[in-house]
Trainee: 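Just passing along the structure, written as structure tokens.
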Amino acid sequence: MDIFWEILIILHANVIVCISAQPNPPWWAYKEVVQGSFVPVPSFWGLVNSAWNLCSVGKRQSPVNIETSHMIFDPFLQPIKLNTGGRKVGGTMYNTGRHVSLRLDKEHLVNISGGPMTYSHRLEEIRLHFGSEDGQGSEHLLNGQAFSGEVQLIHYNHELYTNYTEAAKSPNGLVIVSIFMKIAETANSFLNRMLNRDTITRITYKNDAYLLTNLNIEEIYPETISFITYEGSMTIPPCFETATWILMNKPVYLTRMQMHSLRLLSQNQPSQIFLSMSDNVRPVQPLNNRCIRTNINFSMQGKDCPNNRAQKLQYRVNEWLLK
Ligand SMILES: *[C@@H]1O[C@H](CO)[C@@H](O)[C@H](O)[C@H]1NC(C)=O
Ligand SMILES: *[C@@H]1O[C@H](CO)[C@@H](O)[C@H](O)[C@H]1NC(C)=O
Ligand SMILES: *[C@@H]1O[C@H](CO)[C@@H](O)[C@H](O)[C@H]1NC(C)=O
């Protein structure tokens, strides 16, 4: 205990020195970066900036491990409604140094409603998390198991708030749709657009950007109406607990080649050493007493006795993992 606090004080002292030398305040990392200075990794996010203290003390944090045996069937969950106005959209794909991030043009509005939502939420950003090896790289886990990556579609409540920044710190502010990524022979058509060789190599370095047109947001969604939902937080500082998460009950696929291209993205600018962006993942946080709801009706599986049902229920929910 004492040693722990001593270390913290030393780190704090160090941090203050570094902050004064750092022109950009949003200053945090997923991994220890050796550049002669201390960069706070996830376990320190909440300690280095008082505005981020929810990252440490919050009790409704994300991501979490979803234990499928703890899910509750909620018959009142509506299907999710995606509203693109039937239009294709354009956007800019960025290397932010931490994520691959796709932002739609301002005139292209896409929103979702239904599911656990009581408001309409507008798509703000599509963000990719991925691993340096297969079977790691997703932020959420399913029965303790990670996937090779996770697509997060970040939406804000545009009925109550004027922009993402306002919504992110306010009640019912965000809805994040999460879709696991798995490696396969053929890829999801939306991921094909983002991750084909000509495109992804344009954003090799931090701050690189590349314009994409004619995107169909519908294509990123896997073919399922099943989802899992819980109340959590942003998975990056300031870790505000304003996000409703919706995890789609099927993954999307990318090819081995596309995964490889992702791992060749650098966190740094071209003048600096190459540092792969992969493993841009916050570790799972305690669920505490939060409820995980789903629209999967387990009892559709059969009229077995309760014991059997419990076993089947696991199988049923895990089934899509094998696809
Ligand atoms: C959602 O998006 C559609 C298509 O862009 C738009 O027509 C509609 O007005 C939006 N819904 C709300 C509640 O703003
Ligand atoms: C977001 O909206 C708030 C309040 O309307 C405004 O003060 C702020 O400048 C806006 N931020 C951005 C990034 O547009
Ligand atoms: C769930 O499935 C059972 C068995 O098929 C059915 O009786 C019940 O009505 C379903 N519930 C809902 C809300 O769909």
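Counting starts at 1 for both ligands and their atoms, in listed order. What you see below is based on every heavy atom in this structure, not just the backbone, and it leaves out hydrogens, waters and symmetry mates.
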Trainee: Pull out every atom of ligand 3 sitting under 4.0 Å from any heavy atom of Pro75, numbered as shown with elements.
Mentor: 13 (C)
Trainee: Nearest non-hydrogen atom to atom 10 (C) of ligand 2 belongs to which of Thr165, Asn163, Thr162?
Mentor: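 Shortest heavy-atom distance from atom 10 (C) of ligand 2: Asn163.
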Trainee: Measuring to protein heavy atoms, does anything land under 4.0 Å from atom 2 (O) of ligand 2?
Mentor: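 Yes, there is a protein heavy atom closer to it than 4.0 Å.
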Trainee: In ligand 3, which numbered atoms sit nearer than 4.0 Å to a non-hydrogen atom of Asn297?
Mentor: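 So the atoms of ligand 3 that pass are 1 (C), 2 (O), 3 (C), 8 (C), 10 (C), 11 (N), 12 (C), 14 (O).
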Trainee: Relative to the heavy atoms of Glu166, which atoms of ligand 2 are at a distance of less than 4.0 Å?
Mentor: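 The list of qualifying atoms is 1 (C), 2 (O), 3 (C), 4 (C).
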Trainee: Just to verify, which of Glu125, His129, Arg127 counts as forming a side chain to side chain donor-acceptor pair (under 3.5 Å) with Gln152?
Mentor: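 Going through Glu125, His129, Arg127 one by one, the side chain to side chain donor-acceptor pair (under 3.5 Å) with Gln152 is satisfied by His129 alone.
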Trainee: Going by side-chain contact (heavy atoms from CB on, under 4.5 Å), Leu104 matches just one of Thr92, Leu109, Ile217. Which one?
Mentor: Ile217
Trainee: Specify whether Phe180 and Phe147 have parallel, tilted or perpendicular ring planes, treating 30° as the upper limit for parallel and 60° as the lower limit for perpendicular.
Mentor: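 If you compare the ring of Phe180 with that of Phe147, the planes turn out parallel.
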Trainee: Can you tell me which residue among Trp27, Trp52, Trp28 is in a ring-ring contact (aromatic ring centres under 6.0 Å, His included) with Trp45?
Mentor: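 Of the listed residues Trp27, Trp52, Trp28, the ring-ring contact (aromatic ring centres under 6.0 Å, His included) partner of Trp45 is Trp28.
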Trainee: Is there a donor-acceptor pair closer than 3.5 Å between any side-chain N or O of Glu139 and the backbone N or O of Arg282?
Mentor: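 It does hold such a pair.
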Trainee: Would you say atom 7 (O) of ligand 2 touches the protein, meaning some protein heavy atom is under 4.0 Å from it?
Mentor: no
